[in-house]
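Report on the structure given below.
Quick note on labels: first sequence line is chain A, next is B, and so on, each numbered from 1.
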Amino acid sequence: MTAVPEPGCPRTPARRLRFGAAMRVKSGADFAQAYKLGVRDDARWVVVYGRANGCTHARLGLSISRKVGGAVVRNRLKRLLREAFRLRQHELAPGIDLIVVGRPHEFRPVADYEGVLVRASSRLAARLSPGTGSKPELPHG
RNA sequence: UUGGUCAGACGAUCGCUUGCGGGGCAACCCGCAGGAGGAAAGUCCGAACACGACAGGACACGAUGGUGGCUAACGACCACCGGCCCCGGCGCAGGGGUCAGGGACAGUGCCACAGAAAACAAACCGCCACCGCAAGGUGGUAAGGGUGAAACGGUGCGGUAAGAGCGCACCGCUCCUCUGGUGACAGAGGAGGCAGGGCAAACCCCAUCGCGUGCAAGCGCAAGCAGCCCCCGCCGCAAGGCACCUGUUGUCCGCAGGAUGGGGCGGGUCGCGUGCUCCGAGCUGUCCGGCAACGGCAGCCUGAGAGAAAUGAUCGUCGCCCGCAAGGGAACAGAAUUCGGCUUACGACCAGAUCU
RNA sequence: GCGCCGGUAGCUCAGUUGGCUAGAGCACACCCCUGAUAAGGGUGAGGUCGAAGGUUCGAUUCCUUUCCGGCGCA
């Protein structure tokens with residue numbers, strides 16, 4: 001967990017922490033391919049599927065079903081996960097799509113989701129890179 | 001229980017998104033402004049809007065159902081009428097609640113069990129008269145008993161062999177007339193001795209209304225692939241020159257066809273744009289009309305438009321509740337074309353009424 | 001966003017001119033059969049018919065509202 005920023009002294013990372021449209025997975029085919037061909041990491045409050053995306057940065061895709069809760073609950077969980085991804089985007093393994101599937105649970109602080117994403121990203125990257133020189137070049141979605 | 005108000009506030013940092021302005025070849029960056037609800041929900045009704053269908057009529061189907069109003073429209077809303085229930089000691093005046101509240105001589109159907117009998121009317125026990133020694137039979141009666149949710153007006157008196165609206169009084173009911181009311185209906189007067197159960201949220205009849213599908217409607221632009229149709233081998237203005245494949249039994253000429261391919265046309269997938277949100281709503285009024293719903297007038301104020309889908313995250317201060325304190329808590333809930341209602345979920349506060 | 005189905009015993013399902021006892025199979029309990037099981041036979045228990053309200057003398061059934069599941073439409 002990073003230090004809580006003092007008031008008036010926000011975190012000043014080396015790079016900007018943006019979250020634009022290019023950092024999201026939008027195509028249904030990308031989701032289907034991640035489910036079918038990608039690797040899976042079982043985190044505590046979510047399940048993360050990984051898939052090489054051919055980009056120079058990580059991308060985030062969210063799948064929050066109605067089992068998680070009502071529209072308010074689902075919106076809030078998506079916002080928390082997006083915030084975690086945004087804050088840790090430079091520490092995540094590049095070139096991997098993270099498809100995050102939510103599970104029903106009590107909300108956690110954003111820091112917990114940050115840890116989950118970073119851990120899942122490193123594990124998925126380790127499983128995707130070794131011995132996968134014949135990894136098919138996936139088209140950029 | 002009714003009505004109303006709000007939906008913690010402010011600030012900092014980091015973000016998302018729309019519009020405008022500026023910069024950049026571009027990716028993108030900067031500035032300013034805006035950015036969830038009273039129910040955004042359920043999708044139960046009604047409309048706008050769009051496309052399709054459509055001469056008119058009839059049938060079918062669906063919805064509604066006291067009267068009048070309100071409205072763009074409605075099954076919503078308002079007022080009134082009537083029935084039922086409650087309060088008012090009974091009763092009256094009155095007040096409150098509730099009702100899908102047209103039609104049961106247009107027709108069909110159902111009413112289990114019990115009961116003699118459940119809809120044409122009849123008669124189990126009784127009661128009375130007559131016959132008979134008796135058992136019982138014949139006739140009269142529908143008052144009484146009993147069954148049932150419901151049994152062919154109710155109570156009382158007279159009357160009678162016993163009884164019966166058979167007669168009378170009151171109540172109820174039906175019909176007629178008059179009066180009042182736009183009307184549902186109400187009141188008064190008169191006549192009738194009583195007509196004859198319930199169910200139409202059973203089929204149905206009557207009256208009124210309703211075309212179907214829905215923004216994933218629809219309109220425009222339009223990669224790639226495939227299909228259909230047309231043209232084309234290349235150079236050249238043209239004459240002409242050069243050239244691929246197949247067939248014409250071998251070769252050449254000639255003729256016919258084809259062509260991986262190129263171009264065009266229409267339809268149209270991914271996608272993009274549009275529909276898409278500023279001209280209608282809201283608030284206020286010693287204003288006007290109306291009991292009210294609502295309408296009119298005047299003034300003021302106001303801007304979500306996303307599209308794997310924004311409206312957020314963290315921190316601080318203050319305010320509210322619980323707790324001595326540390327600390328904890330703050331409901332229901334997230335726009336998806338837009339409005340008018342209904343229903344459901346739910347926190348706090350204010351005012352009124354009622355109960356304890 | 002729009003539309004369409006379903007909810008009955010622990011599970012899977014029946015149940016129409018509204019009334020009869022709300023049934024069937026599996027599962028469960030007990031008994032018989034066997035040296036002991038399984039199978040088989042017999043007996044039995046188990047139901048707010050998703051919830052609320054209404055119509056009716058009477059509702060699983062009819063009507064309205066609501067809750068919870070499921071499906072379809074690009």
*asked:* Can you tell me how far apart CG (A/Leu60) and CZ (A/Arg82) are? Round to the nearest 0.5 Å.
replied: 8.0 Å
*Take atom P in B/G103 and the same atom in B/A40, then report the distance between them in whole Å.*
39 Å
*Can you check whether A/Phe19 stacks with the B/G15 base, using ring centres under 5.5 Å and planes within 30°?*
no
_Distance in angstrom units between A/Arg74 CZ and B/U311 C1', rounded_ = 17 Å
*What is the base-pairing partner of C/G23, counting Watson-Crick and G-U wobble geometry with both distances under 3.5 Å?*
C/C13
*Anti versus syn assignment for B/A36, with syn defined as within 90° of 0*: syn
_For atom CG of A/Leu80 and atom C1' of B/U314, their distance in whole Å_ = 11 Å
*Rounded to the nearest Å, what distance is computed from the CG atom of residue A/Leu62 to the C1' atom of nucleotide B/C16?*
14 Å
*asked:* Check this for me: does any side-chain nitrogen of one of A/Asp112 and A/Arg44 sit under 4.0 Å from a carboxylate oxygen of the other?
replied: no
*asked:* By the 4.0 Å heavy-atom rule, please label A/Val110 as base, sugar-phosphate, or nothing.
replied: sugar-phosphate
_Among B/U314, B/C16, B/G15, which nucleotide has an atom closest to any side-chain atom of A/Arg86?_
B/G15
*Paired with B/C283 by Watson-Crick or G-U wobble geometry, both distances under 3.5 Å: which nucleotide is it?*
B/G299
_Partner lookup for B/C204, please. Criteria are Watson-Crick or G-U wobble with both distances under 3.5 angstrom; report none if nothing qualifies._
B/G103
*With nearest nucleotides of RNA chain B determined for A/Val73 and A/Pro109 from heavy-atom distances, which residue corresponds to the more 5′ nucleotide?*
A/Pro109
*asked:* Suppose we define a pair by two distances each less than 3.5 Å, Watson-Crick or G-U wobble; what does C/U66 pair with here?
replied: C/G50
*A/Arg66 has an atom CZ; how far is it from atom P of C/G1, in whole Å?*
10 Å
*Decide yes or no on salt bridge (Lys or Arg N to Asp or Glu O under 4.0 Å) for A/Arg103 and A/Asp42, but give the supporting numbers first.*
CA-CA 11 Å; A/Arg103 286 176 167 169; A/Asp42 199 336; 3.0 Å; yes
*Whole angstrom is fine here: how far is it from CE in A/Met23 over to C1' in B/C14?*
14 Å
*Name the pairing partner of B/G258, where a pair is Watson-Crick or G-U wobble with both distances under 3.5 Å, or state none.*
B/C244
*Whole-Å P distance, B/G197 and B/C168*: 26 Å
*Mind checking the C1' distance from B/G66 to B/C84? Whole angstroms is fine.*
15 Å
*Atom CG of A/Leu87 to atom C1' of B/C14: distance rounded to whole Å?*
8 Å
*Partner of B/G21 by Watson-Crick or G-U wobble geometry, both contacts under 3.5 Å, or none?*
B/C30
*asked:* Rounded to whole Å, please give me the gap between CG in A/Asn75 and C1' in B/A310.
replied: 10 Å
*When you compare B/A310 with B/U18, how far apart are their C1' atoms, in angstrom units rounded to a whole number?*
9 Å
*Could you check A/Glu83 against A/Gly70 and say which one's nearest nucleotide on RNA chain B is further toward the 5' end?*
A/Glu83
*P gap between B/C20 and B/G307, integer Å*: 15 Å
*asked:* Of the listed nucleotides (B/U17, B/A313, B/G334), which one gets closest to any side-chain atom of A/Arg24?
replied: B/U17
_Nearest-Å distance once atom P is located in both B/C339 and B/U356_ = 47 Å
*asked:* With syn defined as a glycosidic angle within 90° of 0 and anti as the rest, where does B/G62 land?
replied: anti
_When you measure from the side chain of A/Ser63 to the backbone of A/Val101, do you find a donor-acceptor pair of N or O atoms at a distance under 3.5 Å?_
no
*Using the P atom on both, measure B/C294 against B/A39 and round to a whole Å.*
15 Å
_Without decimals, in angstroms, what is the distance between A/Leu77 CG and B/A309 C1'?_
16 Å
*Within the pair A/Arg79 and B/U311, is there a side-chain N or O less than 4.0 Å away from OP1 or OP2?*
yes
*Does A/Arg88 reach the main-chain N or O of A/Glu114 with its side chain, forming a donor-acceptor pair under 3.5 Å?*
no
*Heavy-atom closest contact (A/Glu106 atom, A/Tyr113 atom, distance)*: O-OH, 4.3 Å
*May I ask which nucleotide in the shown strands pairs with B/U251, Watson-Crick or G-U wobble, both distances under 3.5 Å?*
none
_Please classify B/G15 as syn or anti, treating any glycosidic angle within 90° of 0 as syn._
anti
*asked:* Please identify which of these residues, A/Leu92, A/Val25, A/Ile99, A/Ile96, meets the side chain to side chain contact (heavy atoms under 4.5 Å, CB included) condition with A/Arg59.
replied: A/Val25
_I'd like to know if A/Arg82 reaches the base of B/C16 with its side chain such that a donor and an acceptor end up less than 3.5 angstrom apart._
no
*Using atom P of each nucleotide, how far apart are B/U13 and B/U338 to the nearest Å?*
35 Å
_Connected via hydrophobic side-chain network under 4.5 Å: A/Val72 and A/Phe107_ = no
*Is there a Watson-Crick or G-U wobble partner for B/C342 with both distances under 3.5 Å, and if so, which one is it?*
B/G42
